[in-house]
2 protein chains.
Amino acid sequence: MDDLDERALRRLSDDGQRLTEGRRRVLQALVDAGAPVTIPDILGLQPGLAQSSVYRNLAVLERAGLVSRIAMGDDHAHYELAEDITDHHHHHLVCEACGKVSDVTLPDSTERALDRALDEAASVEGFALSRHRLDLIGRCRDCVSV
Amino acid sequence: MDDLDERALRRLSDDGQRLTEGRRRVLQALVDAGAPVTIPDILGLQPGLAQSSVYRNLAVLERAGLVSRIAMGDDHAHYELAEDITDHHHHHLVCEACGKVSDVTLPDSTERALDRALDEAASVEGFALSRHRLDLIGRCRDCVSV
DNA sequence: ATTTATGCAAATCGTTTGCAAACCT
DNA sequence: AGGTTTGCAAACGATTTGCATAAAT
């Protein structure tokens, strides 16, 4: 986590931003959660933070490339540490019953084949591909039985 | 489009719902658009519709399996005819500059390989997969040059 | 006749913002 | 001191909802 602090500091100062206590605590909440979480989750994990500051700091952290925002349909957005920081490319399992989001990894061979296909499809459309998002939607282990 | 009307009617009545003028016009807007559109787009394509009725009717049409809602991050959600109706499995190109969303198809072989990999990954996690969502994010043809 | 859909305006709720006080360097 | 961040409360905006009227069966 000191490693993360160091990287966070560098990323933020590259972006002309400071690593404040509030920002450190937001990052810590994301580390502790170990999965994409909502703002209420973050406030629960690090009590005492002001909601508006968490929103503002997540925006700062996202601009600095430290955090990714995952837009789910209706309710709260989810946030997690950016892949850039975790060095862990992954996709998301989204439970349509309880709304929980968790990470999932695909075999490297699948990722490579997928990347190739996406590059090809994008170039045919004259589209400059910068990233992709793959969500698996269904029922999580806790909700299948219900 | 009469074909669509017929299918819409069946789907809706299976769901205990009527095919009203307002619902027909929402569907027509989606047909005319030919790409995922927002509520303001729909109101522009079919002037005179009441915004709240469009919201309500899209919800009804979605429950009946005729329409898919695509949740983008911040602004308006996008809506399109359901794959079930169009028989056209596809993914989305999302322009991060202008917000436009359009459809894109991948080779069958890629889709099959992807499906297999997703089924496997989901089952490892005890996750009951019902569908997936794949978005290609970048800059559309009109925005690459800008 | 009875149920369902519509349109308007008001309410909801996640998120953003204005502003004064606290903080950092 | 000079600029930034914070916390509170108010504002915003997409979507939802209450209610009286119109439409459909």
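Chain letters run A, B, ... following the sequence lines, proteins first and then strands; every chain starts at 1.
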When rounded to whole Å, the CZ to C1' distance for the pair R24(A) and dT6(D) reads 16 Å

Between C1' on dG14(C) and CE on M72(A), what's the gap in Å once rounded to a whole number?
16 Å

I want to check something: taking the side chain as every heavy atom from C-beta on, are D103(B) and E80(B) in contact at a cut-off of under 4.5 Å?
yes

Please give, in whole Å, the distance from dG14(C) P to R69(A) CZ?
13 Å

If you group Ile, Leu, Val, Met, Phe, Trp and Tyr whenever their side-chain heavy atoms sit less than 4.5 Å apart, what else falls in with L134(A)?
L93(A), V104(A), L106(A), L114(A), L118(A), F127(A), L129(A), L136(A), L93(B), V104(B), L106(B), L114(B), L118(B), F127(B), L129(B), L134(B), L136(B)

In terms of hydrophobic clusters joined by side-chain contacts under 4.5 Å, are V60(A) and I70(A) together?
no

Nucleotide dC8(D), atom P - distance to CG of L43(A) in whole Å:
12 Å

Measure the shortest side-chain to side-chain distance between H91(B) and H132(A) over non-hydrogen atoms and say whether it is less than 4.5 angstrom.
no

Separation of R23(B) atom CZ from dA23(D) atom C1', in whole Å?
12 Å

Between CG of N57(B) and CG of L12(B), what distance do you get to the nearest 0.5 Å?
9.0 Å

On the nucleotide dT6(D), are OP1 or OP2 found under 4.0 Å from the side-chain N or O atoms that T20(A) carries?
yes

Can you find a heavy atom in the side chain of E96(A) that is under 4.5 Å from one in the side chain of R131(B)?
yes

Result for 5'-nearest mapping on DNA chain D, choosing between I39(B) and E21(B), is I39(B)

Specify the angle, to 10°, made by the local axes at the two ends of the helix from dA1(C)-dT25(D) to dT25(C)-dA1(D) when five pairs are taken at each end.
30°

Any side-chain heavy-atom pair from R116(B) and T110(A) closer than 4.5 angstrom?
no

In whole Å, what is the span from the CG atom of L12(A) to the P atom of dT5(D)?
10 Å

At under 4.0 Å between heavy atoms, which parts of nucleotides 20-25 of chain C does protein reach? Answer with one letter per nucleotide, 5' to 3': B base, S sugar-phosphate only, - none.
------

Can you check the H76(A) NE2 to dT15(D) C1' distance for me, whole Å?
15 Å

Using a strict cut-off of less than 4.0 Å between a Lys/Arg side-chain nitrogen and an Asp/Glu carboxylate oxygen, indicate whether D14(B) and R10(B) qualify as a salt bridge.
no

Kindly list each side-chain donor-acceptor pair under 3.5 angstrom involving residues 34-46 of chain B, sequence neighbours excluded, with atom names and distances?
unit_1	atom_1	unit_2	atom_2	d
T38(B)	OG1	D41(B)	N	3.2
T38(B)	OG1	D41(B)	OD2	3.1
D41(B)	OD2	T38(B)	N	3.0
Q46(B)	OE1	R25(B)	NE	2.9

Should L27(B) and V67(B) count as side-chain neighbours, where that means a heavy-atom distance under 4.5 Å?
yes

Would you mind reading off the distance between D41(A) atom CG and dG14(C) atom P, rounded to a whole angstrom?
13 Å

Which residues in residues 45-62 of chain B have a heavy atom closer than 4.0 Å to any atom of DNA chain D?
Q51(B), S52(B), Y55(B), R56(B)

Going by ring-ring contact (aromatic ring centres under 6.0 Å, His included), name the residues that satisfy it together with H92(B), two or more places apart in sequence or in a different chain.
H90(B)

